[in-house]
Amino acid sequence: MDDSISSTSLKVSLFSLRHTFESAQPLTFHADYDQFSNTITYPSGRNVINMGHYGSEKDGEVRIVSRDISSAASDVSRRFRLGDDMKAVYKGIGTDQFMKDAITRYSGMRLTLNDPWETTLVFIISQFNNVKRIRLITKNIIARFGPEIMDGSGKSIMRGFPGSADLIGASEKDFRKCGAGFRAKYLKDLADYCTNNIDLNRLNPKNYDKLKETLMSINGVGEKVADCIILMGYGNLAAFPIDVWVKRTIEKAYFNGKRKRMKEIMDFVSQKWDRRYLGYAQQYIFWGGRQASRNEVK
DNA sequence: ACCCAGGCGGGCG
DNA sequence: CGCCCGCATGGG
């Protein structure tokens, strides 16, 4: 194997690394982002990938630096969904003023496609929690259990995301030490379940109903977390996870602040936006709403 | 001090 | 079913 570092670049339009990174998706809970150079560093298998975004969000380019550059390039393209036709996405969901504003403000924000196991673990941590702490707990688990990644000379450069096998020896108490709190039991059960009973990488991403049913058989995975995993771990855009922010934002933007039930919201969104891109609609609602509330008077 | 955070499982009516 | 409650932990 060639251990030398090399680089390549790709043209990409309607992509923003900054908005994608900042919008709280699984990758962003363990990758390192440098906002000044606009570059991201993250582990991929036994490699470390460094990726920078240059030029405008409409017409820019990403530069990738890594060992095994060809697999790194396809990893970047896949993880950041660079093949998505964002023009079509924006056309399909940009049908009202609120969404148009969110698209304008966060233009180029992509969904990311992540490993199903990693996504499941991260979103179990996410429940009844806040973004900052989700990041912290995830990083603690990586620091404690993640396999070391070596450079060409055998020097450790960073830790990868631990697989279920890496967590076999981990106890509930270990997860508590990572800050997981009451979710520690869920994580322990997840590691056991995924080692003995189920291979998340073998589930069919296309069959939404079946996939959801299977995921919800995991202790600690309910309706919302399952939808997050389907969207960001399996890349199925039919999923529209409804969390407190999404619910609140939709009620405010489309129902004059009136409280609605989950089912009413689900019915509403599936007739409002192009169903092929529902997942994207959710991401823009989520981030648009959350950022708007952040900018309000405090 | 009090409130909230990308909810879920369990229990009750 | 639908609804309600408790849940670890840390930051505003």
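Values reported hereafter were calculated over all heavy atoms of this structure, with side chains retained and with hydrogens, waters and symmetry mates removed. Residue numbers start from 1 in every chain, and the chains themselves are labelled A, B, ... in the order their sequence lines are given, proteins ahead of strands.
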### Query
When the distance from CZ of A:Arg290 to C1' of B:dC4 is rounded to whole Å, what number comes out?
12 Å
### Message
I want to confirm an ordering. Mapping A:Tyr186 and A:Ala24 to their closest nucleotides on DNA chain B, which one lands closer to the 5' end?
### Response
A:Ala24
### Message
Does A:Ser23 reach a base, just sugar-phosphate, or nothing at all? Heavy atoms under 4.0 Å.
### Response
base
### Query
Rounded to whole angstrom units, what separation is found between the CD1 atom of A:Ile125 and the P atom of B:dA5?
19 Å
### Task
Can you tell me, in whole Å, how much space there is between the C1' of C:dT9 and that of B:dG10?
22 Å
#### Entry: Nearest listed nucleotide, side chain of A:Lys224, among C:dG12, B:dG7, C:dT9
B:dG7
### Query
Which nucleotide in the set C:dA8, B:dC8, B:dA5 lies at the smallest distance from any side-chain heavy atom of A:Arg183?
C:dA8
### Task
Whole angstrom is fine here: how far is it from CE in A:Met262 over to P in C:dC4?
14 Å
### Query
Side chain of A:Val225: nearest nucleotide among B:dG7, C:dG11, C:dA8?
B:dG7
### Query
Got a donor-acceptor contact below 3.5 angstrom from the A:Asn50 side chain to the A:Val65 backbone?
no
### Task
Looking at every strand, decide which applies to A:Met216 at a 4.0 Å heavy-atom threshold: base, sugar-phosphate, or nothing.
nothing
### Task
Measure from CZ on A:Arg248 to C1' on B:dC3 and round the result to the nearest Å.
12 Å
### Task
Between B:dC8, B:dA5, C:dG10, spot the one nearest the side chain of A:Val244, thanks.
B:dA5
### Query
Can you tell me how far P of C:dA8 sits from CG of A:Leu187, to the nearest Å?
13 Å
### Query
Of all the nucleotides listed (C:dG10, B:dA5, B:dG9), which has the minimum atom distance to the side chain of A:Asn219?
B:dG9
## Note on the structure
Considering only heavy side-chain atoms of A:Arg261, the closest of C:dT9, C:dG12, C:dC3 is C:dC3
## Note on the structure
Rounding to 0.5 Å, atoms CD1 (A:Ile93) and CZ (A:Arg275) come to a distance of 15.5 Å
### Message
Between C1' on C:dG10 and CG on A:Leu136, what's the gap in Å once rounded to a whole number?
### Response
9 Å
### Nearest-nucleotide 5' precedence on DNA chain B, A:Gln283 against A:Gly220
A:Gln283
#### Entry: Lys/Arg N to Asp/Glu carboxylate O, A:Arg78 vs A:Asp75, below 4.0 Å
no
### Query
Starting at NZ of A:Lys185 and ending at C1' of C:dT9, how long is that distance when rounded to a whole Å?
20 Å
#### Entry: Pairwise P distance for C:dG10 and B:dC8, with rounding to whole Å
23 Å
### Query
Is A:Phe128 stacked on the base of C:dC7, with ring centres under 5.5 Å apart and planes under 30° apart?
yes
### Message
Can you measure A:Lys260 atom NZ to C:dC3 atom C1' for me and round it to whole angstrom units?
### Response
19 Å
### Task
Kindly assign one of parallel, tilted or perpendicular to the pair A:Phe15 and A:Phe80, based on the angle between their ring planes and the thresholds 30° and 60°.
perpendicular
### Query
Do A:Phe268 and A:Val244 sit in the same hydrophobic cluster, where Ile, Leu, Val, Met, Phe, Trp and Tyr count as joined when their side-chain heavy atoms come under 4.5 Å apart?
yes
### Among A:Tyr280, A:Phe98, A:Tyr254, ring-ring contact (aromatic ring centres under 6.0 Å, His included) partner for A:Trp273
A:Tyr254
### A:Phe182-C:dA8 aromatic stacking (under 5.5 Å, under 30°)
no
